[in-house]
Amino acid sequence: MLRTRTPTRVLTPSDLDAALGLCARNPADNVFVAARLLEAGMAGPGQSVVGYEEDGQLQSLCFAGANVVPVETTAYTRGPIADRVRKWNRRAASFLGPAEQVLGMWELLESGWPNVRAVRSNQPHLATRTPPSRLGVVGDERVRRARPGEVDLVLPAAEHMFTQEIGYPPYRGSSRGYRSLLQRLLDQGHTYVIVENGRVIFKADLGSVALDCAQIQGVWVSPELRGHGLGTSAMAAVVEHVLADVAPLATLYVNDFNTAARTTYERIGMTQIGTFATVLM
């Protein structure tokens with residue numbers, strides 16, 4: 001019996017340049033995966049990357065760690081990739097990425113992944129290369145990078161943001177693991193805050209930075225201060241900092257039902273460049 005070579009395989013460190021080149025086809029869509037690969041390589045702790053090849057050329061891939069994220073997949077390549085992802089039989093916190101790719105892959109895999117919390121199929125993907133100050137939007141001068149020693153100061157705001165956004169707390173029992181994630185962001189200078197009277201009243205993170213792109217996430221305003229313009233001026237300052245010091249393209253994605261946030265991002269000059277989707281486990 002003839003054995004046919006499968007077009008999919010688990011990628012190895014020797015495939016790193018090809019994988020990053022694939023991500024570079026659309027940096028705004030693929031910055032999450034590119035950043036993970038640059039940080040930990042092709043075989044970081046708890047992660048795998050499966051690629052789809054034709055004639056020896058990498059055409060698509062899927063990153064699988066705490067999150068499952070497709071990169072440049074098509075209707076043709078998603079089936080073989082989904083077969084490989086299914087065999088991993090691992091737990092994930094979410095599937096996320098460009099909506100067509102995520103929802104197409106999820107359709108193939110959902111029967112094997114129970115306990116789905118939510119499918120957010122329409123998350124506007126926004127971006128800007130223009131500093132808000134050029135649009136006449138004044139940034140809040142109190143915004144600064146959180147310092148490495150301020151993890152305990154940032155923790156309550158981060159915990160509240162996560163719980164509101166995802167629907168359950170980021171940890172149960174010890175906060176040690178979650179604190180280490182926050183600490184890494186602070187060490188990288190990727191968390192921006194406003195601190196007043198010894199507490200954080202605004203926070204935003206750069207969750208992924210790669211390929212001349214920075215993806216903003218974890219935006220949070222203290223509840224009692226919402227609706228008074230703080231989010232607009234603070235986010236204007238964050239984008240100003242990012243474009244000046246980190247990357248020439250700032251992106252984020254937002255839930256379609258979050259009209260207040262969408263209005264804020266529109267005011268600071270962010271425009272929709274696509275649609276993301278997230279499946280929360």
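Quick caveat, the model's predicted, so the values are computed rather than measured.
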Where the side chain of [X] meets the backbone of [Y], is there a donor-acceptor pair that is under 3.5 Å apart?
X: E240; Y: S133; answer: yes
X: Q188; Y: H190; answer: no
X: N30; Y: N26; answer: yes
X: R117; Y: M281; answer: yes
X: D140; Y: R142; answer: yes
X: T128; Y: T130; answer: yes
X: R78; Y: G104; answer: no
X: S175; Y: Y171; answer: no
X: S60; Y: E72; answer: yes
X: T163; Y: H160; answer: no

Could you see if [X] belongs to whatever hydrophobic cluster contains [Y]? Use Ile, Leu, Val, Met, Phe, Trp, Tyr and a side-chain cutoff under 4.5 Å.
X: V138; Y: V242; answer: no
X: V143; Y: M235; answer: yes
X: V193; Y: L230; answer: no
X: W220; Y: F162; answer: yes
X: F202; Y: I216; answer: yes

Between [X] and [Y], what is the shortest heavy-atom contact and its length?
X: A158; Y: Y178; answer: O-OH, 3.2 Å
X: G177; Y: S180; answer: O-OG, 2.5 Å
X: V239; Y: P132; answer: CG1-CD, 3.7 Å
X: S208; Y: A35; answer: CB-CB, 3.8 Å
X: G51; Y: L58; answer: CA-CD1, 3.7 Å
X: A40; Y: Q47; answer: CB-OE1, 4.3 Å

Hey, mind stepping through S94 and V68 against side chain to side chain contact (heavy atoms under 4.5 Å, CB included) and telling me if it holds?
-> CA-CA 6 Å; S94 70; V68 176; over 6 Å; no

Enclosure of [X] [atom1] (heavy-atom neighbours >12, cutoff 6.0 Å):
X: E141; atom1: CD; value: no
X: E107; atom1: CD; value: no
X: Q272; atom1: CD; value: yes
X: E100; atom1: CD; value: no

Test side-chain contact (heavy atoms from CB on, under 4.5 Å), reference L61, set V33, D15, T8, T77, output is V33

Side chains of [X] and [Y] in contact at under 4.5 Å (non-hydrogen atoms):
X: V49; Y: V71; answer: no
X: K203; Y: V219; answer: no
X: V102; Y: T278; answer: no
X: V254; Y: Y265; answer: yes
X: D212; Y: P248; answer: yes
X: V85; Y: L109; answer: yes
X: V279; Y: M105; answer: no
X: L206; Y: V246; answer: yes

May I have the step-by-step check of side chain to side chain contact (heavy atoms under 4.5 Å, CB included) for T271 and E266, ending in yes or no?
-> CA-CA 6 Å; T271 57; E266 181 179 350; over 6 Å; no

cation_pi(R36, F32) dist<6.0 Å, angle<=45 | yes

Mind checking the [atom1]-[atom2] spacing from [X] to [Y]? Nearest 0.5 Å is all I need.
X: L185; Y: T191; atom1: CG; atom2: OG1; value: 4.5 Å
X: R226; Y: E224; atom1: CZ; atom2: CD; value: 8.5 Å
X: L211; Y: L38; atom1: CG; atom2: CG; value: 6.5 Å
X: Y76; Y: I81; atom1: OH; atom2: CD1; value: 12.0 Å

Does this structure show an ion pair linking [X] with [Y], if we count only N-O contacts that are shorter than 4.0 Å?
X: E165; Y: R120; result: yes
X: D256; Y: R262; result: no
X: R184; Y: D187; result: no

Just do the salt bridge (Lys or Arg N to Asp or Glu O under 4.0 Å) check on R144 and E150 with the steps written out, would you?
-> CA-CA 12 Å; R144 63 169 176 83; E150 293 181 321; 2.8 Å; yes

Flag for Q101-T73: side-chain donor and acceptor within less than 3.5 Å | yes

Scan side-chain atoms only and decide if Q123 and T275 contain a donor-acceptor pair under the 3.5 Å cut-off.
-> no

Look at the rings of H241 and Y192 and say which category their plane angle falls in: under 30° parallel, 30 to 60° tilted, over 60° perpendicular.
-> parallel

Report the relative orientation of the aromatic rings in F276 and Y253; use parallel for angles under 30°, tilted for 30 to 60°, perpendicular for over 60°.
-> tilted

Going through the distances and angles, do L37 and L16 end up as a side chain to side chain contact (heavy atoms under 4.5 Å, CB included)?
-> CA-CA 7 Å; L37 296 180; L16 179 60; 3.9 Å; yes

Criterion side chain to side chain contact (heavy atoms under 4.5 Å, CB included) on L103 and V119, from CA distance to verdict | CA-CA 9 Å; L103 298 176; V119 177; 4.1 Å; yes

